[in-house]
K.L.:
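Sharing a structure, written as structure tokens. Questions coming.
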Amino acid sequence: MFSRPKILFVVFSLVVIFNGFSATPSLYQIDSLIHEKNMSHDMTKLDLLVLYEEALIEGSKDSLNIFKDLALLNAELEQPEDAYSYTKKYIDNTLDFSILNNGVYENISGTVSYKKLKDKYITNVDVLAFIYFYVALIGFFFMITINFTKKANTFAKFFIAGFVGAHSLFVLEFVLYMTNIQYQFAFTYRMSAAAALLYGPLLYFYFKSVTEKFQFKTKYILHFLPTILLLLFLSPVYMATSSEKVRMMLGIHATYKTYDIVVFVTKIVSLLAYVYFTGKLLKSNTDKDTSDTKVLQKNRWKRYVYKIHIVYVLSYLLYGISVFGALGSVSSFIYHVQIGVMSVMIIYIAYMAYVQPSIFDNEIALLKGKLFPEKYQKSGLTDGLSKELSENLIKLMVEEKVYKENNISLEILADKLNTTRHNTSQIINENFNMNFFELINKFRIQEAVNLFILDVNGNLNIIDVAYEVGYNNKVTFNKAFKKEMELTPSEFINSKKKQTVKVNIR
């Protein structure tokens with residue numbers, strides 16, 4: 001009784017003789033052999049692997065289909081590493097991702113090799129990808145709506161919209177990349193590279209347009225010349241066919257790495273250069289000695305945007321270094337870090353435009369209630385009652401100084417105004433663009449500042465001033481003072497003393 005392997009050997013020998021002693025059967029002969037003999041035993045399939053691999057070594061004219069058959073056969077035999085290897089070879093050569101729809105891959109679905117195939121080729125949308133996509137939409141919404149404002153600094157509006165839009169475009173492309181959807185929309189490959197050298201100039205000119213009397217001069221076009229040159233350099237990528245772009249995504253195109261290196265090097269040089277220029281601009285145009293709360297808020301806003309941008313530049317630098325092998329396997333994590341920082345930048349700018357539009361006064365005057373829905377749109381408060389309550393509120397704060405009461409609350413203030421808590425909150429928001437606690441702290445700190453200024457001889461203790469303006473303890477007072485003035489009470493007192501000394505010397 002002959003065993004199946006022996007039968008296979010005899011049949012294989014006859015096939016070889018019949019075909020003129022050919023060293024290796026063709027793919028058609030192998031497939032026919034499988035069909036005729038109904039080979040399903042594992043040992044037979046293992047022998048079949050040998051036949052396929054020999055055909056591959058001998059240079060079969062149909063080697064691409066051999067890759068496919070070997071990939072499926074190895075998956076069926078639960079040999080994940082070989083299945084991964086041949087699947088990758090097949091896809092890289094054919095760009096046919098449909099092979100992964102075959103049910104035999106379920107046999108290796110729990111293996112590391114299959115996870116590598118899934119991460120690299122299969123469309124996969126997770127929660128993180130959805131969050132990034134949502135952030136990108138918020139950025140695009142801001143970029144569009146900001147341009148509909150009429151009372152605005154035209155240049156500042158254009159530059160901040162472009163800055164947020166560039167970030168949003170990068171985040172969107174990353175979503176397409178991380179979900180493998182980009183294979184289906186190959187035209188989106190490298191679309192964010194068009195704005196790679198715009199981050200720095202756009203932020204620089206935004207700050208320039210809001211910190212000084214700005215007029216765009218012809219010479220400023222030079223700042224955007226590198227972007228034009230980069231676009232010319234990348235033109236072969238943008239004009240490439242879809243299949244060529246997919247090969248670039250897979251990392252098998254001959255020149256894809258050259259484009260990666262050029263984009264990274266030019267972008268990091270641009271980012272670092274403009275971090276320096278922008279920092280220098282902010283330093284020379286920021287008034288730290290002012291006691292104007294609105295000015296301090298604007299200065300704080302600019303510094304926060306600048307600091308987030310610096311964190312992004314550092315994360316992008318680390319990402320680039322890791323991609324080129326210096327940091328090993330952490331590049332994926334760092335990539336998410338830089339996308340996370342970009343997302344924070346987009347959300348922060350959009351959030352501030354919504355909750356504190358006064359920051360953009362005379363810079364980008366967002367029309368409250370036009371770009372964003374009014375919080376009190378359905379309120380029953382009439383214009384006449386609103387005006388009356390506003391006048392009474394100002395009287396309570398300025399003349400009666402109710403903020404000095406250490407137990408003051410929204411309910412107590414509403415009682416003093418003889419209205420509801422909701423109406424009081426609305427009046428505060430609409431007239432002062434802040435909430436109740438911010439309003440009380442604003443008046444308290446301004447009162448404390450006045451007391452410190454009037455105390456020429458330095459007789460007042462900080463704790464005494466804290467109690468005088470309505471605080472119950474020094475810690476809360478210090479925190480509120482530092483938040484409002486960007487200086488602790490002690491630092492403020494010392495700065496005033498130095499200014500007095502300078503005046504006396506003169």
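If you read the sequence from its start, that first residue is 1, and numbering goes on from there.
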K.L.:
Is it true that Arg303 and Glu486 have a side-chain N and a carboxylate O under 4.0 angstrom from each other?
P.N.:
yes

K.L.:
Is the backbone of Asp119 close enough, under 3.5 Å, to the side chain of Asn180 for a donor and an acceptor to pair up by distance?
P.N.:
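The answer is yes, because a donor-acceptor pair under 3.5 Å joins these two groups.
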
K.L.:
Parallel, tilted or perpendicular: which fits the ring planes of Phe452 and Phe492, with parallel below 30° and perpendicular above 60°?
P.N.:
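Tilted, since the angle between the ring planes falls between 30° and 60°.
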
K.L.:
Taking the cut-offs as 6.0 angstrom to the six-membered ring centre and 45 degrees off its axis, would you call Lys302 and Phe207 a cation-pi pair?
P.N.:
no

K.L.:
Which pairs count as salt bridge (charged side-chain N to carboxylate O under 4.0 Å, His left out) when at least one residue sits in residues 460-474, sequence neighbours excluded?
P.N.:
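Checked against salt bridge (charged side-chain N to carboxylate O under 4.0 Å, His left out) - neighbours excluded - the pairs reaching residues 460-474 are Lys404-Glu468.
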
K.L.:
For Phe224, enumerate each residue passing the ring pair (Phe, Tyr, Trp, His ring centres under 6.0 Å) test, keeping only those at least two apart in sequence or located in another chain.
P.N.:
Phe205

K.L.:
Would you say Tyr199's side chain and Val313's backbone share a donor-acceptor pair under 3.5 angstrom?
P.N.:
no

K.L.:
With a 6.0 Å cut-off on ring centres, are Tyr348 and Trp301 close enough?
P.N.:
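Yes - the distance between ring centres of Tyr348 and Trp301 falls below the 6.0 Å cut-off.
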
K.L.:
Under a 3.5 Å distance rule, please check whether Thr266 uses its side chain to pair with a backbone N or O of Val263 as donor and acceptor.
P.N.:
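Yes: the side chain of Thr266 pairs with the backbone of Val263.
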
K.L.:
Has Thr145 got a side-chain atom pairing as donor or acceptor with Phe141's backbone, closer than 3.5 angstrom?
P.N.:
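Side chain of Thr145 to backbone of Phe141, a donor-acceptor pair under 3.5 Å: yes, one is there.
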
K.L.:
Please tell me if the side chains of Phe158 and Tyr206 come closer than 4.5 Å, counting only heavy atoms from C-beta onward.
P.N.:
no

K.L.:
Taking salt bridge (charged side-chain N to carboxylate O under 4.0 Å, His left out) as the test, write out the residues that go with Lys482, two or more places apart.
P.N.:
none

K.L.:
Considering only NZ, NE, NH1 and NH2 on the basic side and carboxylate oxygens on the acidic side, decide whether Glu447 and Lys442 come within less than 4.0 Å.
P.N.:
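No.
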
K.L.:
For Ser109 versus Tyr114, what's the shortest heavy-atom pair and its separation?
P.N.:
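Answer, listing the atom of Ser109 first, then Tyr114: O-CD2, 3.4 Å.
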
K.L.:
Counting distance only, does the side-chain N/O of Arg421 pair as donor-acceptor with the main-chain N or O of Leu410 below 3.5 Å?
P.N.:
no

K.L.:
Using 30° and 60° as the class limits, which term best fits the ring planes of His223 and Tyr220: parallel, tilted or perpendicular?
P.N.:
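Perpendicular: the ring planes of His223 and Tyr220 meet at over 60°.
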
K.L.:
For the pair Thr188 (side chain) and Phe185 (backbone), establish whether a donor and an acceptor sit closer than 3.5 Å, ignoring hydrogens and angles.
P.N.:
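Yes.
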
K.L.:
Would you say Gln338 and Ser315 are linked by a side-chain donor-acceptor pair, where the criterion is simply a distance under 3.5 Å?
P.N.:
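Ser315 vs Gln338: no donor-acceptor pair found between side chains.
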
K.L.:
Hey, are His336 and Tyr132 close enough side-chain-wise for a donor-acceptor pair under 3.5 Å?
P.N.:
yes

K.L.:
Is there a donor-acceptor pair closer than 3.5 Å between any side-chain N or O of Arg300 and the backbone N or O of Lys483?
P.N.:
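Yes, Arg300 side chain to Lys483 backbone: donor-acceptor pair under 3.5 Å.
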
K.L.:
Restricting to side chain to side chain donor-acceptor pair (under 3.5 Å), what partner residues turn up for Gln184, sequence neighbours left out?
P.N.:
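So Gln184 forms a side chain to side chain donor-acceptor pair (under 3.5 Å) with Thr123.
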
K.L.:
Hey, can you tell me if Tyr177 and Phe174 have their rings parallel, tilted or perpendicular (30° and 60° cut-offs)?
P.N.:
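It falls in the tilted class, 30° to 60°.
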
K.L.:
Quick check on side-chain contact (heavy atoms from CB on, under 4.5 Å): which of Ile349, Ile339, Ile308, Val311 does Val344 satisfy it with?
P.N.:
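The option that passes is Ile308.
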
K.L.:
May I have the step-by-step check of side chain to side chain contact (heavy atoms under 4.5 Å, CB included) for Lys208 and Leu281, ending in yes or no?
P.N.:
CA-CA 7 Å; Lys208 196 172 182 66; Leu281 176 68; 3.8 Å; yes

K.L.:
Can you pull out every salt bridge (charged side-chain N to carboxylate O under 4.0 Å, His left out) where at least one residue sits in residues 216-245? Sequence neighbours excluded, please.
P.N.:
none

K.L.:
In this structure, are over 12 heavy atoms from other groups packed under 6.0 Å from Phe97 atom CZ?
P.N.:
yes

K.L.:
Can you label the angle between the Tyr274 ring and the Phe277 ring as parallel, tilted or perpendicular, going by 30° and 60°?
P.N.:
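Plane angle over 60°, so perpendicular.
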
K.L.:
Using the salt bridge (charged side-chain N to carboxylate O under 4.0 Å, His left out) criterion, which residues pair with Glu400? Sequence neighbours excluded.
P.N.:
none

K.L.:
Can you check whether Phe437's main-chain N or O pairs, donor with acceptor, with Asn441's side chain at less than 3.5 Å?
P.N.:
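Checked: pair present.
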
K.L.:
Over all heavy atoms of both residues, which pair between Leu230 and Ala196 is shortest? Give the atoms and the distance, please.
P.N.:
CD2-CB, 4.0 Å

K.L.:
Output, in order, the C-alpha distance, side-chain angles, deciding distance and verdict of side chain to side chain donor-acceptor pair (under 3.5 Å) for Thr488 and Ser490.
P.N.:
CA-CA 5 Å; Thr488 64; Ser490 298; 4.8 Å; no

